[in-house]
K.L.:
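This is the structure I want to talk about, given as structure tokens.
Just so it is clear, the values below take in all heavy atoms, side chains as well, and ignore hydrogens, waters and symmetry mates.
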Amino acid sequence: MLIVQNGYECDYEMKLFYKLFFNENEEVIVYSNFEYKEKKINVYTEIIYGTDTYFDDYYYDFDTENKTNQLIKKIFTASCTKSFCHAAKKIKNINLPWGVMCGIRPAKIVRSLMEEGNTDSEIIEILKDIYEVSDDKIELAMDVAKNEIKLLSDIGKNSVSIYIGIPFCPTRCLYCSFVSTDIRVSGKYMDRFVEKLLLEIDKTAEIIEKTGSYVENIYIGGGTPTTLSPEHLTSIFDKLKNNFDFEKIKEFTLEAGRPDTITEEKLIAAKKGGVNRISINPQTMNDETLKKVGRKHTSDMVKECFDMARKAGFDNINMDLIAGLPDETVDMFKYSLDEVIKLDPENITVHSMAVKRAASLRFTDTELTQAKYMNEMLSYTQKRMSETERKPYYMYRQKNISGNLENVGYSRDGFMSTYNINIMEEKQTIIALGGGGSTKLVMGDRIERIFNFKDPLEYIKRFDEILEKKDEIIEIIRGEKNG
């Protein structure tokens with residue numbers, strides 16, 4: 001791969017779109033020449049592919065006067081990537097529903113345009129003419145951005161969120177790259193891990209008090225937190241209640257995740273412990289696929305767990321599905337979504353299949369659903385969510401998603417997860433505890449990150465360093481105030 005840019009460089013974005021069209025084994029040379037004069041953008045792109053050369057000569061009228069530097073950069077970058085994609089499509093006709101809009105948060109571009117004072121019609125024109133976004137993705141991005149603005153405006157002054165990472169799973173799913181270890185290997189460390197976690201909660205409470213903050217949201221994720229015993233979970237809930245003012249907490253989520261770890265006793269413990277939102281994640285309702293990806297449960301178990309959660313008193317349940325799982329057809333995905341809708345959860349999150357470096361699936365011969373079929377799945381999701389009065393409120397993309405597609409959280413009014421918005425938009429400090437957590441200290445336009453150890457045994461053995469990392473939070477905040 002060789003990409004040569006003259007006049008304007010956007011190396012990250014060009015490489016992102018390059019990878020959508022070409023693989024590492026193909027010999028491709030890209031030349032891009034950018035000019036801006038007399039209120040007109042001109043990008044000339046030349047792609048040498050094998051023995052042939054493909055061209056695109058792109059022009060766009062654009063007056064930079066009274067435009068922010070941020071918007072100018074976005075337009076210049078989009079012009080370069082669009083010219084490249086126009087030339088590349090002459091080689092491989094790949095469908096790009098999001099056009100040349102890149103980055104992990106597509107709705108953030110829309111929200112920034114709204115905050116700059118652009119009208120809906122002006123934003124739609126930009127998305128169509130400059131980014132070449134399809135109509136259904138424009139509608140999605142506009143809806144997400146508007147709901148984000150509402151939720152972000154409700155963040156309390158001096159508030160923080162807490163994330164607690166439980167890095168244990170009953171088994172590791174074929175597609176997974178999250179921080180987790182198989183309990184068949186690491187289960188012997190659970191008691192000691194929880195003992196240290198309880199001490200870290202005490203330390204975190206001390207830090208939050210010293211910085212004059214309070215906790216607004218708690219999210220226990222992983223891994224699979226319900227891999228822990230009811231006694232472990234209860235000890236964590238009790239420690240949180242003893243340290244934080246639960247009257248100020250808006251949202252307390254427990255990622256119950258895999259149905260094969262959920263019991264009535266754990267659900268009752270969670271409800272008593274103050275949890276007011278849980279996730280029960282089937283990923284698919286097709287038993288054949290569940291076996292293929294290493295999920296040790298059935299679709300019937302999903303339904304049973306959902307019923308148990310309702311009986312335990314949970315009135316805010318999220319369920320995750322994945323579009324594009326190995327060998328799944330569009331009809332199979334539609335079946336899964338419709339089966340989940342029948343259960344009637346308040347939240348449904350649909351992820352696009354992404355194969356990350358750490359995932360076992362990356363090293364198999366299993367073929368993923370082609371991008372055009374995945375987009376059909378997502379379009380069906382958008383339609384069904386609208387029909388069932390669930391609105392899109394957060395959206396993000398990951399590397400290696402086929403077709404540069406998206407993950408979207410849908411929710412009924414009154415049940416949108418404020419934590420999910422905060423972690424996506426990075427507008428509120430999130431203090432991470434447990435295995436693999438990443439603290440994000442929001443300091444105006446700057447974000448400082450502090451990482452916990454991922455492996456349970458390393459977390460236990462190097463726990464003194466974890467406590468030292470917590471002390472860094474005070475130093476960073478004091479440095480910001482004094483600066």
K.L.:
Check M374 against G324 and note the closest heavy-atom contact, atom names and distance.
P.N.:
CG-CA, 3.8 Å
K.L.:
Describe, in one word, how the ring planes of Y394 and Y396 are oriented to each other, choosing from parallel (under 30°), tilted (30 to 60°) and perpendicular (over 60°).
P.N.:
parallel
K.L.:
How many angstroms lie between CD1 in I123 and CD in E116, if you round to the nearest 0.5 Å?
P.N.:
9.0 Å
K.L.:
Return yes if some donor-acceptor pair links the side-chain N/O of N276 with the main-chain N/O of F252 below 3.5 Å, else return no.
P.N.:
yes
K.L.:
Salt bridge or not between K291 and D287? Use side-chain N to carboxylate O under 4.0 Å.
P.N.:
no
K.L.:
To check you understand the geometry: which heavy-atom pair defines the closest contact between I220 and I236, and what is its length?
P.N.:
CD1-CG2, 4.3 Å
K.L.:
Less than 4.5 Å apart, any side-chain heavy atom of F76 and any of C10?
P.N.:
no
K.L.:
Please indicate whether K427 has more than 12 foreign heavy atoms, meaning atoms of other residues, nucleotides or ligands, lying under 6.0 Å from its NZ.
P.N.:
no
K.L.:
Is the NZ atom of K391 crowded by more than 12 outside heavy atoms at less than 6.0 Å?
P.N.:
no
K.L.:
Inspect the contact between E448 and R446 and indicate whether a charged nitrogen and a carboxylate oxygen are less than 4.0 angstrom apart.
P.N.:
yes
K.L.:
Can you tell me if K272 has over 12 outside heavy atoms packed within less than 6.0 Å of its NZ?
P.N.:
no
K.L.:
Which ring pair (Phe, Tyr, Trp, His ring centres under 6.0 Å) pairs, counting each pair once, include a residue from residues 135-157, with sequence neighbours left out?
P.N.:
none
K.L.:
Between M142 and V110, is any pair of side-chain heavy atoms under 4.5 Å apart?
P.N.:
yes
K.L.:
Give a yes-or-no answer on whether the side chains of N286 and T284 include a donor-acceptor pair shorter than 3.5 Å.
P.N.:
yes
K.L.:
So does A78 get a backbone contact from the side chain of T81, meaning a donor-acceptor N/O pair under 3.5 Å?
P.N.:
yes
K.L.:
Looking at D56 and K89, is there a salt bridge between them, counting it only when a charged N and a carboxylate O are closer than 4.0 Å?
P.N.:
no
K.L.:
Is the side chain of K266 donor-acceptor paired with the backbone N or O of T261 at a distance under 3.5 Å, no angle test?
P.N.:
yes
K.L.:
Which label fits Y58 and H86: parallel for a plane angle under 30°, tilted from 30 to 60°, or perpendicular past 60°?
P.N.:
perpendicular
K.L.:
Is it the case that more than 12 heavy atoms not belonging to E288 sit under 6.0 Å from its CD atom?
P.N.:
no
K.L.:
Output yes when K292 and E328 qualify as a salt bridge under the 4.0 Å nitrogen-oxygen rule, no when they do not.
P.N.:
no
K.L.:
Can you tell me how far apart OG (S411) and CG (L151) are? Round to the nearest 0.5 Å.
P.N.:
9.0 Å
K.L.:
Do you know which of T253, N318, T349 makes side-chain hydrogen bond (donor to acceptor under 3.5 Å, both in side chains) with S279?
P.N.:
N318
K.L.:
Check this for me: does any side-chain nitrogen of one of E264 and K311 sit under 4.0 Å from a carboxylate oxygen of the other?
P.N.:
no
K.L.:
Which is it for D413 and K150 under the salt bridge (charged side-chain N to carboxylate O under 4.0 Å, His left out) test, yes or no, and what are the steps along the way?
P.N.:
CA-CA 12 Å; D413 283 335; K150 291 176 188 175; over 6 Å; no
K.L.:
How close do I317 and E346 get, counting heavy atoms only, and between which atoms?
P.N.:
N-OE1, 2.9 Å
K.L.:
Do E265 and E231 make a side-chain contact, defined as non-hydrogen atoms from C-beta onward lying under 4.5 Å apart?
P.N.:
yes
K.L.:
Between Y189 and F193, does the ring centre distance come in under 6.0 Å?
P.N.:
no
K.L.:
Inspect the contact between R390 and D344 and indicate whether a charged nitrogen and a carboxylate oxygen are less than 4.0 angstrom apart.
P.N.:
yes
K.L.:
Please check if any side-chain donor atom of K74 sits under 3.5 Å from a side-chain acceptor atom of S112, or the reverse.
P.N.:
yes
K.L.:
Strictly below 4.0 Å, N to O, side chains only: are R111 and E148 in salt-bridge contact?
P.N.:
yes
K.L.:
Checking the side chain of K82 only, and the main-chain atoms of I130 only, is there a donor and an acceptor separated by less than 3.5 Å?
P.N.:
yes
K.L.:
Salt bridge (charged side-chain N to carboxylate O under 4.0 Å, His left out) between K128 and D135: does it pass, once the steps are laid out?
P.N.:
CA-CA 8 Å; K128 275 181 175 290; D135 289 341; 2.4 Å; yes
K.L.:
Check this for me, if you would: do R384 and D338 make a salt bridge, where the nitrogen-to-carboxylate-oxygen distance has to be below 4.0 angstrom?
P.N.:
yes
K.L.:
With a 4.5 Å heavy-atom cut-off, do C80 and E13 have their side chains touching?
P.N.:
no
K.L.:
Does R105 reach the main-chain N or O of I109 with its side chain, forming a donor-acceptor pair under 3.5 Å?
P.N.:
no
K.L.:
Looking only at heavy atoms, which two atoms of F314 and A270 are closest? And how far apart?
P.N.:
CZ-CB, 3.9 Å
K.L.:
Flag yes if more than 12 heavy atoms outside E387 fall under 6.0 Å of its CD atom; otherwise flag no.
P.N.:
yes
K.L.:
May I ask you to check whether F453 and Y459 place their ring centers less than 6.0 Å from one another?
P.N.:
no
K.L.:
Mind checking the CG-NE2 spacing from L198 to H232? Nearest 0.5 Å is all I need.
P.N.:
9.0 Å
K.L.:
Checking F333 now: which residues fulfil ring pair (Phe, Tyr, Trp, His ring centres under 6.0 Å) with it, not counting sequence neighbours?
P.N.:
none
K.L.:
Answer yes or no: does atom CG of N23 have more than 12 heavy-atom neighbours from other residues, nucleotides or ligands under 6.0 Å?
P.N.:
yes
K.L.:
Side-chain contact, heavy-atom cut-off 4.5 Å: I201 with L433?
P.N.:
yes
K.L.:
Inspect the contact between E426 and K440 and indicate whether a charged nitrogen and a carboxylate oxygen are less than 4.0 angstrom apart.
P.N.:
yes
